[in-house]
Colleague: 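Before I ask anything, here is the structure I am working with.
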Amino acid sequence: MTEVAFTPRVFSGIQPSGGLTLGNYLGALKRFAKAQDQGIETIYCMVDLHAITVWQDPEKLRHATRELCAGFIASGLDPEKSILFNQSQVAEHAQLAWIFNCVARMGWMKRMTQFKDKAGKNAENASLGLFGYPALMAADILVYHATHVPVGEDQKQHLELTRDIATKFNHDYGVDFFPITEPVIEGAATRVMSLRDGSKKMSKSDPSDMSRINLTDDADTIAKKIRKAKTDPEPLPSDADGLADRPEARNLINIYAALSDQSVDQVMAELGGKAFSEFKPVLADLAVAQMAPISAEMSRLMQDPSEIDRILANGADRARAIAAPILKKTYEIIGMVGA
Ligand code: TYM
């Protein structure tokens, strides 16, 4: 097989399953905006087909998809520069996912930790879609021949599976057709933790609202949540090494570093040795200054849902123009008549 050079192209997705958190912002949205502004082609998707792998109320799903789109734009994604769309409008995702269902092996899927976590004790009652979720995710990425995928740490295993699927497809059909995608998991905030428990990921599904900052929280709520965030009794250590066994302190420092675009070492040089009573107000001010305008912009955008629908439809047209020829070529490779 000859090596094929693929043009750099960034793809990533977020589920419209209700509510964006600071984890989504720092681990994904803020980094998506950075990639866009580096002049690489960027494609970002509201993955509504993934959301329905667990039950979604139809009205809430529609609302969450529009709100997610508002969250993208409010976080700096420009629908002219990036392609923004919802997955179900581009049928090629589901079509390629079927092919990948036939490439991926049961054993690979059974090893996915996110399936085990989400299915919980009652895996027999989980939807087949939840089990096949990572094959659809591989299709999202590979239907654009995307080369780079910025995500948080929790998606790493899914991206390894995407590489396995591309490799097996290329090998089975003797082609160099799908790129072996690079996960981009960089920066201080690839795993933002709960504000109540430094060993748990910050998540929209945590029963405690105090555990997370929502992108829709107002300034007072953001400041209160940071003031009440769990800490330990010691002051901050003098350097990054001292954060090793202090998950809550490490999390707040990581959040500060990501919000202020600094490395953890830079932050420790500025704030090392301070008491939490001094550090927390500084962090709260920074979080409010950065997050409150996003929340205000989201509410403004949500006042005009038809404009959001227009943006999504336009993005879907642009996405389809890239995906359709790649799917057609895939059909040809696998021997579908009429492709
Ligand atoms: P989702 O919707 O759970 O999360 C969207 C993005 O936010 C990141 N993230 C976090 N990052 C840091 N700290 C956290 N606490 C945190 N919580 C969430 C996630 O890592 C992710 O980057 N399966 C994906 C959606 C998806 C996708 C794709 C992603 C579908 N197809 C193709 C990339 C490429 C998911 O459920 O993300």
Side-chain angles (χ1 to χ4, degrees), residues 9-32 35 42-54 56 61 64-65 67-68 71-72 75 77 85-88 90 93-94 96-97 100 112-115 117-118 129-130 132-144 146-163 165-166 181-206 211-215 247 250-251 254-255 257-259 319 323:
R9 183 179 276 156
V10 170
F11 179 93
S12 200
I14 299 188
Q15 293 194 66
S17 44
L20 284 164
T21 69
L22 182 67
N24 297 128
Y25 176 68
L26 294 177
L29 289 164
K30 187 171 169 164
R31 297 172 51 226
F32 294 175
T42 42
I43 307 175
Y44 296 122
C45 184
M46 338 276 129
V47 292
D48 46 10
L49 296 174
H50 276 112
I52 61 160
T53 56
V54 298
Q56 302 292 331
L61 177 62
T65 304
E67 191 174 70
L68 176 54
F72 268 90
S75 302
L77 277 309
F85 71 107
N86 59 310
Q87 192 182 27
S88 59
V90 181
H93 289 242
L96 186 60
F100 287 170
M112 294 293 115
T113 55
Q114 204 151 66
F115 174 75
D117 290 349
K118 279 201 178 177
L130 190 66
Y133 182 114
L136 176 58
M137 191 162 153
D140 295 340
I141 296 165
L142 296 174
V143 84
Y144 300 101
T147 55
H148 295 82
V149 183
V151 283
E153 181 71 38
D154 59 350
Q155 297 302 314
K156 192 170 177 208
Q157 196 186 30
H158 287 160
L159 294 188
E160 280 161 8
L161 187 98
T162 299
R163 292 164 66 94
I165 288 177
T181 305
E182 284 299 326
V184 186
I185 304 174
E186 288 171 352
T190 54
R191 191 168 173 81
V192 177
M193 309 308 276
S194 155
L195 299 178
R196 306 302 305 159
D197 176 351
S199 68
K200 268 177 34 191
K201 192 181 73 167
M202 182 181 285
S203 157
K204 53 196 154 198
S205 54
D206 193 310
S211 71
R212 64 180 159 264
I213 293 173
N214 303 300
L215 245 60
R250 189 173 62 221
N251 187 38
N254 282 344
I255 291 174
L259 283 170

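All values reported here derive from a predicted model rather than from experimental measurement. All ligand and atom numbering here is 1-based and tracks the order in the structure.
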Colleague: For Asp206, is there an ion pair with Lys200 - N to carboxylate O distance below 4.0 angstrom?
Modeller: yes
Colleague: For ligand 1, list every N/O pair with the protein closer than 3.5 Å, one pair per line with the distance.
Modeller:
| residue | atom | partner | partner atom | Å |
| --- | --- | --- | --- | --- |
| ligand 1 | 2 (O) | Gln15 | N | 2.9 |
| ligand 1 | 4 (O) | Asn24 | ND2 | 3.4 |
| ligand 1 | 7 (O) | Asn24 | ND2 | 3.1 |
| ligand 1 | 11 (N) | Gly23 | O | 3.3 |
| ligand 1 | 13 (N) | Val192 | N | 2.8 |
| ligand 1 | 15 (N) | Val192 | O | 2.8 |
| ligand 1 | 15 (N) | Met202 | O | 3.0 |
| ligand 1 | 20 (O) | Gly152 | N | 2.9 |
| ligand 1 | 20 (O) | Asp154 | OD1 | 2.4 |
| ligand 1 | 22 (O) | Gly152 | N | 3.1 |
| ligand 1 | 23 (N) | Tyr133 | OH | 2.6 |
| ligand 1 | 23 (N) | Gln155 | OE1 | 3.0 |
| ligand 1 | 31 (N) | Asp140 | OD2 | 2.6 |
| ligand 1 | 36 (O) | Gln15 | NE2 | 2.8 |
| ligand 1 | 36 (O) | Tyr133 | OH | 2.7 |

Colleague: Tell me which donor-acceptor pairs under 3.5 Å the side chains of residues 184-193 have, and how far apart each pair is, sequence neighbours excluded?
Modeller:
none

Colleague: Would you confirm whether Gln87, through its side chain, and His93, through its main-chain N or O, come within 3.5 Å as a donor-acceptor pair?
Modeller: no
Colleague: So, taking the atom named OG in Ser75 and the one named NZ in Lys30, what distance separates them when rounded to the nearest 0.5 Å?
Modeller: 10.0 Å
Colleague: Name the orientation class of the two ring planes belonging to Phe32 and Tyr44 (parallel below 30°, tilted from 30 to 60°, perpendicular beyond 60°).
Modeller: parallel
Colleague: Would you say NZ of Lys156 has more than 12 non-hydrogen atoms from neighbouring residues, nucleotides or ligands within 6.0 angstrom?
Modeller: no
